[in-house]
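Input: a single structure, listed below in structure tokens.
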Amino acid sequence: MKKDNLHRVVVLIPTHLDALDTDLAATLRHNAEVLHDYPLEVILPDSCNPGWYQAFFQQNKIEGRVRLVRADYFGSSAAVNKMGMDPAFYRMYADYDYMLICHLDAWIFKDDLRAWMAKGYDFVGAPLFLPDLGRGRFLKRMAPFGGNGGLSLRRISTCIRVLETFKPRPNPLRIAQALWFLAINRRFDLAAILTRALREVLRDWRGTCSKYNIYEDVFFTIVAKLLGARIRIPRSWEARLFSCEVNYKLLQTESLGLSSPLGIHGYDKYVDPDFLTYVQGFFDRKRKIYDLESPLDKPVVSVILIVKDLTKHGRIDSFDQALMSVVHQTYEKVEAVIVDGASTDDTLSLLRQRYGHLANVSIYSKADRSVWEAMSNGVAFSTGDLIAIMNSDDYFCTPNALALMVDRLVKTSSDWVFGSTLLISSDGNMPFPTYLPSVMNCFGIVHQSTLFKKSVIETIKPFDSGHITAENFLFVAALAAGFKAAQVQECLVHYRTGGLSTTQYSGVNYDRTVADYVRYLKKVTSIGFYLTDDEISRLYGFRGAQGQGFVTFLRTIMKIQDPRLRNLFLRACWNQIRSTGIGWLIKRKIRLLVMR
């Protein structure tokens with residue numbers, strides 16, 4: 001009889017700790033929540049007291065249990081390896097088809113265990129990599145097969161069979177594949193070591209594994225495969241979709257995009273804290289919000305308008321123009337969400353008097369510490385599927401703006417859409433050089449001319465990120481992750497220069513703005529692996545091309561080994577030359593680079 005899901009796989013968490021600190025407890029709680037469909041066991045040495053875990057499970061309403069095993073299974077890497085190489089350990093779980101080994105330094109992003117079990121592999125773990133010796137892109141160093149055991153899915157019957165019946169005999173095809181991999185990486189020293197080790201394993205495989213402390217994951221996925229065992233493992237390119245360990249950030253930003261692996265192992269050792277915090281929140285929210293969203297047909301659009309002390313600053317008339325440009329849109333499903341940041345003048349009463357009677361206008365008042373917190377409040381107050389944000393002194397220049405953006409977004413199944421902008425200033429009007437790749441240089445798009453799925457904003461949470469250019473962080477994060485963007489060619493917004501953005505990003509705040517730009521580029525892309533902070537800072541507003549010359553600027557970009565990321569910067573640079581002329585490289589004429 002075919003086993004149901006509850007009896008197909010058991011989640012095992014081995015540890016020698018009597019109790020967990022706050023961080024590890026949070027990890028266990030999170031992983032148990034994501035994998036709540038499956039039996040969960042904490043494996044402890046019989047010298048430990050299981051009381052803390054039993055109380056933890058009860059307090060957090062987790063269907064978990066504790067299993068005490070031999071104390072000599074713990075205490076060192078060799079001891080844990082002994083457990084993984086002991087058929088008796090696997091027989092404890094003979095009622096299950098699979099076990100998921102999930103160490104406490106593993107973080108689970110999503111539950112797709114059923115899909116992985118359906119593939120029929122015997123062992124799936126994070127890809128293995130050669131050390132970085134500066135010899136080409138990291139993917140070249142990813143072994144063609146092999147898997148780490150810290151977060152691994154294992155077919156129990158196969159592990160027992162291999163451990164009990166393994167009779168090593170060379171597999172010429174696999175050995176040739178391994179030697180070729182080492183040869184193209186010029187690791188002839190390792191090829192010689194591998195050849196000698198295989199000769200020893202052929203004579204006495206258990207003694208050799210014990211002598212060199214060959215971990216059980218290396219035994220199952222490399223030694224056993226090279227020496228003829230019948231064990232199915234995926235190629236590393238597929239296995240990276242299950243689990244990552246070394247080079248996780250590179251794999252996520254350069255090849256996985258919006259698709260996280262099932263989980264990562266060794267997050268405390270191999271993942272920098274800023275990126276780890278970001279992706280943990282990002283994929284948790286994406287799983288609960290974006291992934292559950294139905295396709296949009298006739299979405300409701302919420303246009304958020306942030307205001308504060310309009311009377312004091314003499315902006316009543318400009319705000320009226322902004323609001324009326326929303327109210328008079330031809331798209332029928334629009335709500336205007338006015339968020340007053342606890343004005344100290346008569347702004348709130350004036351808003352209610354003038355606009356409180358309008359059916360599609362909602363007025364809220366909530367104190368905030370920044371314009372970004374006000375925008376975050378606006379997103380929370382909104383009820384629409386799509387979000388637009390209009391400043392109090394800017395406005396839609398056509399009543400069809402939202403209709404054009406919604407139509408484009410729906411027809412292309414995109415996650416966000418943007419249009420062109422006309423800059424209005426006392427010196428005259430000029431088109432803003434709208435170009436998507438230029439957001440990588442903190443330029444390219446004015447946020448008032450964008451329309452985002454609310455689920456994307458709630459997944460990225462740009463306005464709660466603490467970044468100075470939070471709107472550009474939203475653009476970069478969306479572009480880097482792979483959220484689909486579409487463009488409307490028409491001019492949609494008139495943007496008055498000289499407002500908050502001009503003062504917030506330039507002048508005395510300029511250095512802080514550049515430093516923050518460097519921080520979020522390093523957080524959501526792999527650029528920090530290739531460029532120094534100083535080199536990254538020169539990309540801001542194309543200032544490196546202006547200050548040090550185009551050739552040096554181009555050489556900096558060419559250091560980036562991620563082809564997609566490098567191409568974005570090259571396209572942005574070329575568009576800037578094309579739109580402003582070669583004189584841009586010589587003279588600092590574009591004073592709008594620090595404006596949004």
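In this chain, residues are counted from 1 in sequence order.
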Side-chain donor-acceptor pair present, Lys484, Ser413, cut-off under 3.5 Å: no

Asp562 side chain near Arg137 side chain, heavy-atom distance below 4.5 Å: yes

Side chains of Val34 and Phe109 in contact at under 4.5 Å (non-hydrogen atoms): no

From CA spacing to verdict: side-chain contact (heavy atoms from CB on, under 4.5 Å), His494, Gln321: CA-CA 11 Å; His494 284 177; Gln321 185 179 26; over 6 Å; no

Check: Thr398 side chain, Asn400 main-chain N or O, donor-acceptor pair, under 3.5 Å: yes

Check: Asn472/Tyr520 side-chain N/O donor and acceptor closer than 3.5 Å: yes

Heavy-atom check, side chain of Met405 versus side chain of Leu386, under 4.5 Å: no

Between Phe443 and Phe432, ring centroids under 6.0 Å: yes

Side chain His30, main chain Ile108, donor-acceptor under 3.5 Å: yes

Of Val371, Asn377, Val379, the residue whose pairing with Phe463 passes side chain to side chain contact (heavy atoms under 4.5 Å, CB included): Val379

Any side-chain heavy-atom pair of Met430 and Ser425 under 4.5 Å: no

Close side-chain approach of Gln252 to Cys244, heavy-atom, < 4.5 Å: no

Side-chain donor/acceptor of Lys110 to backbone N/O of Arg287, under 3.5 Å: no

Salt-bridge criterion met for Arg538 and Asp534 (N-O under 4.0 Å): yes

Pair Asp320-Tyr355, side-chain donor/acceptor within less than 3.5 Å: yes

Within 6.0 angstrom of Asp317 CG, more than 12 heavy atoms from elsewhere: no

Donor-acceptor contact present, side-chain Thr556 to main-chain Thr552, <3.5 Å: yes

Salt bridge (Lys or Arg N to Asp or Glu O under 4.0 Å) between Asp272 and Lys522, intermediate numbers included: CA-CA 10 Å; Asp272 68 80; Lys522 290 173 64 177; over 6 Å; no

Distance in Å, Thr347 OG1 paired with Leu310 CG, rounded so as to fall on 0.5 Å steps: 4.5 Å

Modelled atom types, side-chain donor and acceptor of Glu335 and Thr383, under 3.5 Å: yes

Heavy-atom donor-acceptor pair, Asn441 side chain to Leu539 backbone, under 3.5 Å: yes

Positive for side chain to side chain contact (heavy atoms under 4.5 Å, CB included) with Gln448, one of Asn391, Thr421, Leu492: Asn391

Check: Glu33 main-chain N/O paired with His36 side-chain donor or acceptor under 3.5 Å: yes

Under 3.5 Å donor-acceptor, Asp21 side chain and Asp23 backbone: yes

Flag, side chain of Asn247 to backbone of Leu250, donor-acceptor distance under 3.5 Å: no

Test log, rule side-chain contact (heavy atoms from CB on, under 4.5 Å), inputs Leu348 and Ile363: CA-CA 8 Å; Leu348 182 58; Ile363 302 172; 4.0 Å; yes

Backbone of Gly419 reached by a side-chain donor or acceptor of Ser449 within 3.5 Å: yes

Minimum-distance pair of heavy atoms, taken over all atoms of Phe542 and Gln576: CE1-OE1, 3.6 Å

Reported CG-to-CZ distance for the pair Asn60 and Arg29, which is rounded to 0.5 angstrom: 4.5 Å

CD1-CG distance between Ile338 and Leu358, expressed to the nearest 0.5 angstrom: 8.0 Å

Aromatic ring pairing Tyr517/Tyr540, orientation class (parallel under 30°, perpendicular over 60°, tilted between): perpendicular

Euclidean distance, Ile460 CD1 relative to Tyr290 OH, rounded to 0.5 Å: 10.0 Å

For Lys308 against Asp340, the heavy-atom pair lying closest together: CA-OD1, 4.0 Å

Check: Asn31 side chain, Ala106 main-chain N or O, donor-acceptor pair, under 3.5 Å: yes

Nearest heavy-atom neighbours spanning Cys397 and Cys491: SG-O, 3.4 Å

Met558 side chain near Leu570 side chain, heavy-atom distance below 4.5 Å: yes

Close side-chain approach of Thr434 to Val446, heavy-atom, < 4.5 Å: no

salt_bridge(Arg496, Asp394) N-O dist < 4.0 Å: no

Geometric class of the Phe475/Trp416 ring pair [parallel <30°, tilted 30-60°, perpendicular >60°]: parallel

Aromatic ring proximity Phe452/Phe483, centre distance under 6.0 Å: no

Value rounded to 0.5 Å, distance of OG in Ser302 from NZ in Lys333: 12.5 Å

Shortest non-hydrogen separation from Pro299 to Asp385 and the atoms involved: CA-OD2, 3.3 Å

Audit row: Trp107, Val279, side-chain contact (heavy atoms from CB on, under 4.5 Å) steps and yes/no: CA-CA 11 Å; Trp107 183 272; Val279 294; over 6 Å; no

Rounded distance (nearest 0.5 Å) linking atom OG of Ser318 with atom NE2 of His313: 11.5 Å

Qualifying residue, where the test is side-chain hydrogen bond (donor to acceptor under 3.5 Å, both in side chains) with Ser526 and the options are Glu254, Arg564, Gln561, Lys249: Glu254

side-chain contact (heavy atoms from CB on, under 4.5 Å) assessment of Thr525 paired with Met440: CA-CA 10 Å; Thr525 76; Met440 304 304 298; 4.2 Å; yes

Ion pair Lys288/Asp284, N-O distance below 4.0 Å: yes

Flag side-chain contact, heavy atom, 4.5 Å: Ile457 against Pro462: yes

Taking every non-hydrogen atom, the tightest pair across Phe550 and Cys573: CE1-SG, 3.4 Å

Minimum heavy-atom distance between Gln329 and Leu402, given as atom pair plus value: OE1-N, 2.9 Å

